[in-house]
Protein chains: 2
Amino acid sequence: MTAPSDTRHKLLDAAERLMAEQGIAATSLRQIIAEAGVNLAAVHYHFGSKEEMLDALVIRKAGPVNEIRLALLTRFEAEAAPNPAPVEKVLEAFLAPPFLERERSPLFVQVMGRLYAEGLMPSIVAKHFQPTVSRFYAALQAALPHVPAEEMVWRVHFMIGAMAHTMWGPPGQESAPVVVRRIVQFLGAGFRAEVSE
Amino acid sequence: MTAPSDTRHKLLDAAERLMAEQGIAATSLRQIIAEAGVNLAAVHYHFGSKEEMLDALVIRKAGPVNEIRLALLTRFEAEAAPNPAPVEKVLEAFLAPPFLERERSPLFVQVMGRLYAEGLMPSIVAKHFQPTVSRFYAALQAALPHVPAEEMVWRVHFMIGAMAHTMWGPPGQESAPVVVRRIVQFLGAGFRAEVSE
DNA sequence: GTCTATACTGAGATAGAC
DNA sequence: GTCTATCTCAGTATAGAC
């Protein structure tokens, strides 16, 4: 009994490497199958389309990252109990895992950045990240009861933009913890801002 | 003496309309030339490629937006003299013009958002926006002397991310001034954050 | 069930006639 | 300056070998 689909993994590995390097739109299926040493139609057989292969690529590693996020959040909430976790801790739980993953497995996170940069992320978030997003929403609301819900939507939106932009192409080379400290400090102050007018 | 290149303008108008509606990658040259009523080869004659046509599209309207930004900044600096303009005013000068332009001429700013979203913006910024960016850097440094230069680079990066993400797809329908107030408040607090550690 | 060979359609780019 | 015709390469789809 051999691996039921070695081809499948070879395709995902090759796609990850090439797409991280060149971008998603710029990477053709023919490049990917050449790198993987398989036939073009295998893509269609295993995934159905280039887009569905991307979904599989994301699911393969986004799942673990989101689990770490939730575990961290749970821990920080326990540490702060009976108070809600402070906003900086909530942000750290959300931001640290992907930035650390970026160091451990740069290829995948580059692909994620490409997904944002090429406008493909919203549908993937909706498909695979929604539960995580909801949980963090609640934690932010608990940490900042003075921020109205409709303002919170915008602040989360700003956070996602800053995170995505930085994940894709940070302005310098610094270790993940330093980057996380910078972005948590910046966004934490933003989230805490008084809501005026 | 007729217009030296009516075709050129017809192409840009058609491209702007179609790309704003459908996205950039999703809009084919063949759609554009059909809409403009010209021949396919005219695109390559006038612009060289689809990408260079995009550049021309951006240049056509980015210039005015950047001029308004600089004029606003100059005015706010004069109002605050002899002190430097406060960071919220600097941010307003940078952010308000594109968001207002978004309302006046949604097509163009949607195209700009698409450029960010599809990862084409960095090269365009480098080509056409660099002088504006430099001027605002100086204003931010003046407003926030306690923020070290290397931290400022990151904070500007976060700001660009939040702005781009919001320009492309805001989480709700609100008038430009309201959106600008929200984002200025959020980012202003972030920029003012103490630099610790 | 898995995979290969091959064909189809539509994209952007280009050469050369006018 | 503009247009016709053509080229290359993309993603997708099908037929059929194993």
Side-chain angles (χ1 to χ4, degrees), chain A residues 1-58 60 111 114-115 117-121 123-124 127, chain B residues 1-60 111 114-115 117-121 123-124:
Chain A
M1 171 183 164
T2 67
S5 186
D6 194 24
T7 299
R8 199 187 144 91
H9 287 97
K10 282 196 285 192
L11 278 170
L12 288 180
D13 290 342
E16 184 172 308
R17 216 181 59 69
L18 290 169
M19 287 177 167
E21 255 176 38
Q22 313 173 341
I24 290 158
T27 300
S28 72
L29 292 181
R30 284 168 176 79
Q31 276 183 293
I32 294 169
I33 58 110
E35 174 93 6
V38 304
N39 185 271
L40 176 58
V43 175
H44 190 256
Y45 175 75
H46 283 288
F47 305 106
S49 68
K50 185 180 182 179
E51 188 182 341
E52 287 170 289
M53 190 172 71
L54 265 182
D55 281 6
L57 201 54
V58 171
R60 187 165 68 151
V111 174
R114 297 282 191 181
L115 285 169
E118 298 183 29
L120 307 171
M121 208 57 189
S123 68
I124 292 194
K127 270 188 266 185
Chain B
M1 170 185 164
T2 66
S5 186
D6 193 26
T7 299
R8 199 186 144 91
H9 287 96
K10 282 196 285 193
L11 278 170
L12 288 180
D13 290 342
E16 184 172 313
R17 214 181 60 69
L18 290 169
M19 287 176 168
E21 257 175 36
Q22 313 173 342
I24 291 162
T27 300
S28 70
L29 292 182
R30 283 168 176 81
Q31 276 183 293
I32 295 170
I33 58 111
E35 174 93 5
V38 305
N39 185 271
L40 175 59
V43 174
H44 295 90
Y45 175 75
H46 284 288
F47 304 105
S49 69
K50 184 181 183 179
E51 188 181 344
E52 286 170 289
M53 190 171 73
L54 268 180
D55 281 7
L57 203 53
V58 171
I59 295 169
R60 189 163 70 150
V111 173
R114 296 280 190 180
L115 285 168
E118 298 183 24
L120 307 171
M121 209 58 188
S123 68
I124 292 190

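Within every chain, numbering begins at 1; the chains are lettered A, B, ... in the order of the sequence lines, protein sequences first and strands thereafter. Predicted model, so just to flag it, every value in this text is computed and none were measured.
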Would you say C:dT2 has OP1 or OP2 under 4.0 Å from some side-chain N or O of A:Tyr45?
yes
For A:Arg60, check side-chain hydrogen bond (donor to acceptor under 3.5 Å, both in side chains) against everything at least two apart and list the hits.
A:Asp13, A:Glu16
Per-nucleotide protein contact string for nucleotides 5-18 of chain D, where B marks a base within reach and S marks sugar-phosphate only (heavy atoms under 4.0 Å, - for neither):
-----BBBSB----
Can you check the B:Met53 CE to C:dG12 P distance for me, whole Å?
9 Å
Would you say A:Thr7 places a side-chain N or O within less than 4.0 Å of OP1 or OP2 belonging to C:dT2?
no
Sorted by chain and residue number, the side-chain hydrogen bond (donor to acceptor under 3.5 Å, both in side chains) partners of B:Thr7 (sequence neighbours excluded) come out as none
Can you name the residues that form a salt bridge (charged side-chain N to carboxylate O under 4.0 Å, His left out) with A:Glu35, not counting sequence neighbours?
A:Arg17
If we only count heavy atoms from C-beta on, is the A:Met19 to A:Leu54 side-chain gap below 4.5 Å?
yes
Starting at atom NE2 of A:His9, determine the distance to atom P of C:dC3, rounded to an integer number of angstrom.
12 Å
Rounding to an integer number of Å, can you tell me how far B:Ile32 CD1 sits from C:dA11 C1'?
12 Å
Not counting sequence neighbours, which residues clear side-chain hydrogen bond (donor to acceptor under 3.5 Å, both in side chains) with A:Ser28? List them please.
none
Set of side-chain hydrogen bond (donor to acceptor under 3.5 Å, both in side chains) partners for B:Arg8, sequence neighbours left out:
none
